[in-house]
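Structure first, then comments.
Chain letters run A, B, ... following the sequence lines, proteins first and then strands; every chain starts at 1.
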There are 2 protein chains.
Amino acid sequence: MHMTLKPGAPTAPANSTAPKRRLRPAERRLQIVEAAVAFFAEAGLAGTTRDLSQRLGITQSLLYKYFDSKESLVEAVFERVYLDRLQPEWRALLLDRALPLRERMLRFYTAYTDAIFTYEWMRIFMFSGLAGAQLNARYLGHLRVAFLEPMLGEIAASAASARAPDMEDIWNLHGGIVYLGIRRFVYQTPTPDDVRPAIQRAIDRFLRDFGIGER
Amino acid sequence: MHMTLKPGAPTAPANSTAPKRRLRPAERRLQIVEAAVAFFAEAGLAGTTRDLSQRLGITQSLLYKYFDSKESLVEAVFERVYLDRLQPEWRALLLDRALPLRERMLRFYTAYTDAIFTYEWMRIFMFSGLAGAQLNARYLGHLRVAFLEPMLGEIAASAASARAPDMEDIWNLHGGIVYLGIRRFVYQTPTPDDVRPAIQRAIDRFLRDFGIGER
DNA sequence: GATTTTAGAGATCATTTGATCAATAAGAAA
DNA sequence: TTTCTTATTGATCAAATGATCTCTAAAATC
């Protein structure tokens, strides 16, 4: 018997509302990329072009009209998934001393987890990390410089106690929060529907430790 | 061009010290499983049997003398990787009130991260999680019942303040620590060589939050 | 040393899968 | 309506890959 260990095509109905019509290139391309995001998130980056095309209700060869290779399709998927997830204004939010630091961090992590706690993002990020894609390192570097380091600076500035956090403390806070998404979407283990209470407690715990009271 | 997105066989020298001799079945089987652990950790569970056999310096067909299918080989890999990682005595350690709680938690997480912060374990755990293997959920369930819930109980018992942690707080602590390994082995991003200081700070921060002083 | 057992190699099969290309028909242009 | 463009299909290729089978030679047994 010929067995493969890849997840393959999980029971996915071919687009049942099949108009079977010719689409304008731009539309079709977008449709393909969006389906590919969902498909690769589920099946992994080793998912086959045939399974993807079946899910779209188009022929496999049509994919090659829009992408030179599977690799370039995956690249388009990355672009689509990563693009515009990190909002530059979050930086201003974190630095806005008109707001209490706790409030700023709460808002930041609420917005951040709203953005990345999706089945597609979480899993594709993991898949690409495991595949050794440079993207992840760049993403985390950007995250650190644009948001986490400013956050660290603000906490240090507010810290009443002698102790101030270092970058590893920040990563610890960050990891504790992100782990919620990993449990939910990678390990597919039960997690609270609303993650905000857990996040709030994590942030409060963190700030309290550096002498920044809730009140 | 025929391109595949799988990591394939990363520049791995075929066992250069090739004695090329006949091994007794038990030895050969073990040799295969150990090589498979390293190989699948690197290439993912979709790595090919041919690449694995090449790395071992044996023929691909020989693998099938020892395993019915690739699937059963992967199962043997799981068994090898998961088996005996979690030491039952850690539970007794966590419950040993002769030791300060902080000390118990410190020792537990030192032992735990010593056990799982390896390239093989971290990556194979992620791969199998993404592949939808039930194993991960079972593992985490076991971890929770055997260690994390006892830990939660001990913290609640020691908590001076009115507030006591709930399971999500424990997962937050746990996630913050495990994230170190994810950064190192999955995202392959720089992390401190010695993780103990960061772990110590995370534990102290946690305990302090529930009124359990270091001193 | 002769005989038997079986670990291992090598060839090969059947699918799978990324990719290509000529033929077709849907829709726009005339 | 007719003509033209091109999105889409269907057939096909070549390489990759899990699996099987026969044969050989190393080691165990006598």
Looking only at side-chain atoms of Thr59(B), point me to the closest of dA19(D), dA9(C), dG10(D).
dA9(C)
Assign each of Gln60(B) and Arg24(B) to its nearest nucleotide of DNA chain C by heavy atoms, then name whichever residue's nucleotide is nearer the 5' end.
Arg24(B)
Which atom of Thr191(A) lies closest to which atom of Arg184(A), heavy atoms considered:
OG1-NE, 2.8 Å
Counting heavy atoms from C-beta on, name the nucleotide in dG18(C), dT8(D), dA25(D) closest to the side chain of Leu23(A).
dT8(D)
Without decimals, in angstroms, what is the distance between Lys65(B) NZ and dA9(C) C1'?
11 Å
Distance check needed: dA23(C) P versus Leu62(A) CG, whole Å only.
19 Å
Can you name the closest pair of heavy atoms from Leu152(A) and Pro165(A) and give their distance?
CD1-O, 3.2 Å
Interatomic distance where CZ belongs to Phe67(A) and P belongs to dT20(C) [whole Å]:
15 Å
Per the atom types in the model, does the base of dT16(C) pair as donor or acceptor with the side chain of Arg50(A) at under 3.5 Å?
no
Between dT17(C), dT8(D), dG8(C), spot the one nearest the side chain of Thr48(A), thanks.
dT17(C)
Which of these nucleotides, dT20(D), dT8(D), dA19(C), is closest to any side-chain atom of Ser61(B)?
dT20(D)
Using a 4.0 Å heavy-atom cut-off across all strands, classify Tyr66(A) as base, sugar-phosphate, or nothing.
sugar-phosphate
Hey, does Leu73(A) have a side-chain heavy atom less than 4.5 Å from the side chain of Phe40(A)?
yes
Identified side chain to side chain donor-acceptor pair (under 3.5 Å) partner of Tyr109(A) from the options Arg196(A), Gln200(A), His174(A):
His174(A)
Closest to the Lys70(A) side chain: dT9(D), dG18(C), dG18(D)?
dG18(C)
Nearest whole angstrom, please: distance from the C1' of dT17(D) to the CG of Leu52(B).
13 Å
Could you tell me how far apart Phe39(A) (CZ) and dT17(C) (C1') are, to the nearest whole angstrom?
12 Å
Strictly below 4.0 Å: does Tyr64(B) bring a side-chain N or O up to OP1 or OP2 of dT20(D)?
no
Rounded to whole angstrom units, what separation is found between the CG atom of Leu45(B) and the P atom of dT17(D)?
15 Å
Tell me: CG of Leu73(B) to C1' of dA19(D), nearest whole Å?
13 Å
Regarding dG8(C), can its base be found pairing with the side chain of Arg28(B) as donor and acceptor, where the two atoms are less than 3.5 Å apart?
no
Expressed as a whole number of angstroms, how long is the span from Ile58(B):CD1 to dA7(C):P?
13 Å
Those residues that, when tested against Phe108(A), pass ring pair (Phe, Tyr, Trp, His ring centres under 6.0 Å) (two or more places apart):
Trp90(A), Tyr112(A), Phe147(A)
